[in-house]
Amino acid sequence: MDLKNRDFLKLLDFTPQEIEYLLDLAADFKDKKKNGVAHRYFEGKNIALIFEKTSTRTRCSFEVAAYDLGMGVTYLDPTGSQIGQKESIADTARVLSGIYDGIEYRGYGQEIVEELAKYSDVPVWNGLTNEFHPTQILADFLTVRERFNKLSGIKFVYLGDARYNMANSLTVGCAKMGLDFTICAPEKYFPDAQLVKTCQELAKQSGGSIRFETDSQKAVKDAQVLYTDVWVSMGESYDTWEERINDLLPYRVTQKLMDAAAEDAVFMHCLPAFHDLKTGIGKSIGEKFKLDCLEVENEVFESEKSIVFSEAENRMHTIKAVMAATL
Ligand code: CP
Ligand code: NVA
């Protein structure tokens with residue numbers, strides 16, 4: 001499998017075999033790391049990390065993965081460069097690709113990372129845009145595979161706002177890898193119709209399926225994975241919370257929903273999660289709307305069925321695989 005010099009912008013650009021290869025490579029890197037086997041295959045190379053939105057997991061994963069591979073890293077925060085204000089994406093791409101061997105970008109529209117890739121001579125990796133979060137899906141799938149020893153045929157339910165990066169990328173990933181994927185949301189929160197049409201075609205080829213459900217109790221029957229994301233994403237206005245809470249409260253992952261799912265069901269979340277009031281936003285929203293959690297109950301988040309921290313760890317192993325495969 002040769003992915004050298006490829007960008008990693010969205011899963012739609014990769015075949016199921018290529019995705020499987022990246023997961024296998026990540027599993028191998030994880031094994032090496034756990035056993036203290038050095039893998040500094042890219043000594044002398046350097047990468048740039050552009051973050052126009054904040055991050056814990058993605059930034060740390062790119063940095064540690066790069067160090068493990070022997071590379072140097074420069075982190076450009078939302079205020080630490082000329083990007084956007086004084087220098088265009090096209091110019092930034094041509095400057096950075098003369099200095100670095102790879103560029104990660106987290107920001108707003110997907111078209112920005114696509115433009116960065118168009119003008120860059122080195123691989124560009126999408127660290128999250130409004131529309132897609134492809135490295136997250138690799139981590140999610142590695143975690144599912146570790147738990148169930150397979151991806152194909154897994155009954156996977158996403159609950160919440162399905163119009164954004166997480167649901168879009170999960171829809172593509174599940175369709176490509178043959179999972180039985182259910183989107184559970186109010187109808188107005190279903191994903192873009194064109195993307196769904198494309199994914200329905202992909203699901204036909206992989207033997208997977210995509211189903212839509214507005215009733216959360218019905219959706220989770222026999223489900224093996226219950227997945228959710230924050231109800232208001234980075235870059236959205238604080239005023240959005242009221243409408244989202246009104247619309248999405250029936251889609252919160254509760255203990256009752258977990259009990260209605262399959263016996264071996266797990267809870268997953270890309271994180272960060274509002275499962276209690278121990279965060280600035282969680283506290284302010286919780287007090288304003290008289291809620292003690294938002295998209296997931298603390299009881300579920302802290303339960304044995306919650307595999308969110310393995311999922312977070314797997315961000316690093318999978319991002320390492322993406323860099324090693326494409327550099
Ligand atoms: N899941 C995820 O992308 O987390 P960060 O925003 O912390 O990178
Ligand atoms: N939908 C969330 C995902 C965070 C990893 C956001 O974009 O903020």
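In each ligand, atom 1 is the first atom listed, and ligand 1 is the first ligand listed.
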Would a distance-only check, ignoring hydrogens and angles, find a side-chain to backbone donor-acceptor pair under 3.5 Å from Glu295 to Arg252?
no
So Phe190 and Phe212, would you call those rings parallel, tilted or perpendicular, with 30° and 60° as cut-offs?
tilted
Number the atoms of ligand 1 from 1 as they appear, then name those within less than 4.0 Å of a heavy atom of Thr58, with their elements.
2 (C), 3 (O), 5 (P), 8 (O)
Are any of the side-chain nitrogens in Glu236 or Arg244 under 4.0 Å away from the carboxylate oxygens of its partner?
yes
Minimum-distance protein heavy atom relative to atom 4 (C) of ligand 2
Leu128 CD1, 3.9 Å
For ligand 1 and Gln136, I'd like to know whether there is a polar contact (N/O to N/O, distance under 3.5 Å).
yes
Over 60° means perpendicular and under 30° means parallel, so classify the ring planes of Phe51 and Tyr75, tilted if in between.
tilted
Can you name the atoms of ligand 1, numbered from 1 with element, that are less than 4.0 Å from a heavy atom of His133?
2 (C), 3 (O)
Check whether any heavy atom of Leu271 sits under 4.0 Å from an atom of ligand 1.
yes
Can an N or O of His133 be found at a distance shorter than 3.5 Å from an N or O of ligand 2?
no
Tell me whether Lys33 is salt-bridged to Asp68, with the criterion being a basic N under 4.0 Å from an acidic carboxylate O.
yes
Charged N to carboxylate O under 4.0 angstrom, Lys118 versus Glu111?
no
Quickly, which of Phe132, Tyr105, Phe14 forms a ring-ring contact (aromatic ring centres under 6.0 Å, His included) with Phe8? Name it, please.
Phe14
The atoms of ligand 1 lying under 4.0 Å from a heavy atom of Thr56, numbered in the order shown, are 5 (P), 7 (O), 8 (O)
Should Lys34 and Asp31 count as an ion pair when the cut-off is N to O under 4.0 Å?
no
Taking CD in Glu242 as the centre, count heavy atoms belonging to other residues, nucleotides or ligands within less than 6.0 Å. Is the count above 12?
no
Based purely on interatomic distance, does Asn165 place a nitrogen or oxygen under 3.5 Å from a nitrogen or oxygen of ligand 2?
yes
Please say whether Cys270 places an N or O atom under 3.5 Å from an N or O atom belonging to ligand 1.
yes
Going by the order shown, which atoms of ligand 2 are within less than 4.0 Å of some heavy atom of Met234?
6 (C), 7 (O), 8 (O)
Nearest heavy atom to atom 6 (O) of ligand 1, choosing from Met166, Met234, Arg106, Glu311, belongs to Arg106
Which protein non-hydrogen atom lies closest to atom 2 (C) of ligand 1, naming both residue and atom, and how far is it?
Arg315 NH1, 3.2 Å
Counting only heavy atoms not in Glu187, do more than 12 sit closer than 6.0 Å to its CD atom?
no
Would you mind listing which atoms of ligand 2 come within a distance below 4.0 Å of any non-hydrogen atom of Leu271?
5 (C)
Proximal ligand 1 atoms for Arg57, defined as those under 4.0 Å from one of its heavy atoms:
1 (N), 2 (C), 4 (O), 5 (P), 7 (O), 8 (O)
Thinking salt bridges, do Arg59 and Glu104 make one under a 4.0 Å N-O criterion?
no
Contact check, Lys53 vs ligand 1, heavy-atom distance below 4.0 Å
no
Option with minimal heavy-atom separation from atom 2 (C) of ligand 2, where the choices are Pro272, Ser233, Ser55:
Ser233
So, is Tyr164 polar-close to ligand 2, with some N/O to N/O distance under 3.5 Å?
no
